[in-house]
Amino acid sequence: MVDLEYIAMFLNTLTPKFYVALTGTSSLISGLILIFEWWYFRKYGTSFIEQVSLNHLGPWLGGVENNNNGNNNTNNSQNNNQQSVPECKVWRNPLNLLRGAEYNRYTWVTGKEPLTYYDMNLSAQDHQTFFTCDTDHSRPSDESVMQRAWRERNPQARIKAAHEALEKDSECATAYILLAEEEATTILETERLFKQALKVGEANYKKSQSTQHLGAHYEAIHRRDTNVCVYVRRRLAMCTRKLGRVKEAVKMMRDLMKEFPMMSVLNIHENLIEALLELQAYADVQAVLAKYDDISLPKSATICYTAALLKARAVADKFSPEIASKRGLSTAEMNAVEAIHRAVEFNPHVPKYLLETKSLILPPEHLLKRGDSEAIAYAFFHLPHWKRVDGALNLLHCTWEGSPYGESAVGDAPCHAFRMIPYPLEKGHLFYPYPSCTESADRELLPAFHEVSVYPKKELPFFILFTAGLCSVTALLALLTHQFPEPMGLVAKTFLNTITSPFNFLVEKLEGVLPSNLWHQLTRL
C-alpha cells in the first residue's frame, strides 16, 4: 500500500495548471494528427494510420507464416492483380483535343497544365506503337529520327526532331503528324499539316500494300503505314468537324469506318455519333447505336447516355412531374427513365456535369471507362446536345435528384437513379460490378486542380473521427480548466479516485486473503 499512498499523494499535489497544460498539449497533438489525417485522406483516399496498421503493424503482430503460405498468398495477390487490370484499363479518348491548338491555348490563358505527366506518357507510348516499327532503327533517315522524337519528354525537343526529319526527307508523314498535333496553334494550320501528312501517308500505304506479302519485315511496315493513314484521316475529320463542316466530317468518318472496319478498337463510331448529334440526325444516330450497343462489346458513356438522350427526346418536352404524379409514368416515359438508370449505373459521374452542378475541365487524352475522366470527356462534347433537346435535362434532373415534389411524385415508379444502382458494388445489375480502382486511376489522369468525383462516396475513416473527437474533448477540457481551475481540479481528482477505487478494493481483499510476508515480497517486486 506504500506505493499506492505515494501515488495518491502525488495526484493530490497536482495543481490546475498541470491539468491545463496536459489537456492543452493533448488537444494540440490530436489536432495536428487530425490535420495530417484529413490531408492524407483527401490526397490518397485512405487513412494513414489505418494503412500503416494494416500494412506494417498487422503482419508484425500476426507473426510470420511459413514459406508455403507466403508463396500461396503471393500467388493469390498476383492473380487478384491480374484480374483487376481489365477493370481499370485506360483507353485512348476518341475525341481528344489538339495539344498545340487547344491544350496549349488553355495553358497560355490560365497558366495551368490541363494534362498530367501520366496521361502524356501514355500518349507517347501510343505514338510509338502506332507510328514506329521494328525496322525503323536500321534506317539512318527520317523514321529513325521520329522514333527518337516520340520518346522525347520535352515538347520543344519533339518539334525540333520533327523538323530535322523533314529536312532529311520532306515526305515523312509522322513528322507532319507531330507538328500538326503540337506546333500548330490554329485548327486551320493543323488541318493543312494533316493534309500534307495524308498525301504522303496514302502514297506509303499503297506502296507497302503491294509488298506486305513478301515477309514479316514488309508486313510490319504496312501495319505502320495503315495506322498512320487511319490516324491522319480521323484527325482530319475531327478538324473538319471543329471548323463547322459537319456533313463533310460525317462523310469522312463513314468512309473511314467502311474502308477499315478492323480498326473499330479506335472507337471512331463515337466521333460519328457526336457529329450526327450536331446535325440533329437522330435516326442516323439510332442506326449507329443499333450496331454498336451490343452486350458483347465494351460499353461507353457515349453509347449509354446517347441511348438515354434519344429515348428522353421522345417524351421530355411534355414531361411534367405534377402530371406524372397523378397518372403515373407512361410506357415511353418509363423507357426513358430506365434508359437513364442504365446510363447512370454505367457511369454515375456524368449527371453532375450535364446538370452543371460540377465544373467541367478540358478532357484528358486518355480516359477510364465508368470513371470521372470518361464523364468529363463525354459531358465536354455532349452537353450542348442535351441542352438542344427541350426538357431532356429536366427529365435527367428528376430521375437523378428525385422529384422536388416528394418521393411519390411519379407514382410507384422509381424517381431517383441511384435506387437502381446496385449496392454493395459486388452485385451488378445491368453491367459488371462497378470497379473499386477508378478513383486512383482518375487521380493519375486528371490534373491536380480538379476535384475527382468519387463513387460511391467514401465515409470518413474511423481514425479521422476519433482524432476529431479527441481534439474537441481535450480542447474543451483545457478551456474549462483554465476558466474554472478549482472545480475542474476537483472533478479531475474525483475522476481519478473513481478509476482507482476498484483497484484499491481489490488490493485490500488480497491483503486480507494472502499472508502478510507473501504480500510484502510481492510489493518489493
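Scope of the values below: all heavy atoms of this structure, side chains included, with no hydrogens, waters or symmetry mates. Numbers here simply count residues along the sequence, with the first being 1.
Both the sub-6.0 Å distance and the 45° axial angle are satisfied by Arg370 relative to the ring of Phe346.
In this structure, the side chain of Arg158 engages the main chain of Arg153 through a donor-acceptor pair within 3.5 Å.
To the nearest 0.5 Å, atom CG of residue Asn227 and atom OG1 of residue Thr174 are 12.0 Å apart. The CG atom of Leu276 lies 12.0 Å from the NE2 atom of His269; values are rounded to the nearest 0.5 Å. Atom CG of Asp284 and atom CZ of Arg254 lie 5.0 Å apart (nearest 0.5 Å). Expressed to the nearest 0.5 Å, how far CG of Leu383 lies from OH of Tyr378 amounts to 9.0 Å.
In this view, Met120 and Arg99, Leu115 satisfy the side-chain contact (heavy atoms from CB on, under 4.5 Å) rule, not counting sequence neighbours. Applying the salt bridge (Lys or Arg N to Asp or Glu O under 4.0 Å) criterion to Arg192, with sequence neighbours excluded, gives no partner residue. Glu113 pairs by the salt bridge (Lys or Arg N to Asp or Glu O under 4.0 Å) definition with nothing, not counting sequence neighbours. In this view, Asp442 and Ser373 satisfy the side-chain hydrogen bond (donor to acceptor under 3.5 Å, both in side chains) rule, not counting sequence neighbours. The salt bridge (Lys or Arg N to Asp or Glu O under 4.0 Å) check on Glu181 picks up Arg235, with sequence neighbours excluded. Legend: residues meeting salt bridge (Lys or Arg N to Asp or Glu O under 4.0 Å) with Arg388, ordered by chain and number and at least two apart, are Glu278. A search for side-chain contact (heavy atoms from CB on, under 4.5 Å) contacts involving Lys112 returns Tyr106, Thr110, Phe449, not counting sequence neighbours. Annotation: side-chain hydrogen bond (donor to acceptor under 3.5 Å, both in side chains) contacts of His450 (sequence neighbours excluded): Tyr353, Asp372. Residues passing the side-chain contact (heavy atoms from CB on, under 4.5 Å) test with Thr129: none are found, sequence neighbours excluded. With sequence neighbours excluded, the residues forming a side-chain contact (heavy atoms from CB on, under 4.5 Å) with Ala197 are Tyr176, Ile177, Val232, listed by chain and number.
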Inset, instruction - Step by step, work out the salt bridge (Lys or Arg N to Asp or Glu O under 4.0 Å) result for Glu171 and Lys199. - result: CA-CA 9 Å; Glu171 295 186 351; Lys199 181 180 179 181; over 6 Å; no
Legend entry - Arg245 and Glu191: CA distance, side-chain angles, deciding distance, salt bridge (Lys or Arg N to Asp or Glu O under 4.0 Å) verdict: CA-CA 13 Å; Arg245 306 195 302 271; Glu191 184 184 34; 2.5 Å; yes
Inset, instruction - Apply side-chain contact (heavy atoms from CB on, under 4.5 Å) to Leu179 and Leu166, showing your working. - result: CA-CA 10 Å; Leu179 296 178; Leu166 288 176; 3.6 Å; yes
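We find that Arg148 and Glu164 are joined by a salt bridge, their nearest charged nitrogen and carboxylate oxygen being less than 4.0 Å apart. Ion pair Glu274/Arg241 flagged as a salt bridge, since at least one NZ, NE, NH1 or NH2 atom sits closer than 4.0 Å to an Asp/Glu carboxylate oxygen. Taking a cutoff of 4.0 Å between a charged side-chain nitrogen and a carboxylate oxygen, Lys387 and Glu356 qualify as a salt bridge. Using a cutoff of 4.0 Å between basic side-chain nitrogens and carboxylate oxygens, Lys206 and Glu202 are not scored as salt-bridged.
Residues Leu367 and Pro94 have side chains in contact (heavy-atom distance under 4.5 Å, counting atoms from C-beta outward). Side-chain contact check for Glu102 versus Lys242: some heavy-atom pair is nearer than 4.5 Å. Ile273 is listed as a side-chain neighbour of Leu289, based on a closest heavy-atom distance under 4.5 Å. With a 4.5 Å cut-off on side-chain heavy atoms, Val288 and Thr306 do not count as touching. A 4.5 Å side-chain heavy-atom check between Asn104 and Thr185 finds every atom pair outside the cut-off. Inter-residue side-chain proximity for Leu97 and Pro363 is flagged as met; some heavy-atom pair is nearer than 4.5 Å. Using a 4.5 Å heavy-atom threshold, the side chains of Leu396 and Trp386 count as touching. In this structure, the side chains of Thr116 and Arg443 stay at 4.5 Å or more apart for every pair of heavy atoms.
Between the side chains of Ser300 and Lys369, not a single donor N or O lies within less than 3.5 Å of an accepting N or O. Counted by atom type alone, Thr302 and Glu270 present one or more donor-acceptor pairs between their side chains at under 3.5 Å. One side chain, Glu365 or Ser123, offers a donor N or O that lies under 3.5 Å from an acceptor on the other. Checked by atom type, the side-chain pair Arg223/Ser208 shows no donor-acceptor distance below 3.5 Å. Judged by distance alone, the side chains of His366 and Asp126 do bring a donor and an acceptor atom under 3.5 Å apart.
Within the structure, ring-ring contact (aromatic ring centres under 6.0 Å, His included) contacts touching residues 146-174 (residues at least two apart or in different chains) are His127-Trp150, Phe131-Trp150. Sorted by first and then second residue, the ring-ring contact (aromatic ring centres under 6.0 Å, His included) pairs involving residues 178-207 (not counting sequence neighbours) are Tyr205-His222, Tyr205-Phe260.
Heavy-atom minimum distance, Ala162 versus Met146: CA-SD, 3.9 Å. Closest approach of Ala308 to Ala343, counting heavy atoms only: CB-CB, 4.4 Å. Annotation for Pro364 and Asn93: closest pair O-ND2, 2.9 Å, computed over non-hydrogen atoms.
Between His382 and His385, the ring planes are perpendicular. Angles over 60° get that label, and only those under 30° would be called parallel.
Applying the side chain to side chain contact (heavy atoms under 4.5 Å, CB included) test between Val285 and each of Leu279, Leu310, Leu272 identifies Leu310 as the sole match.
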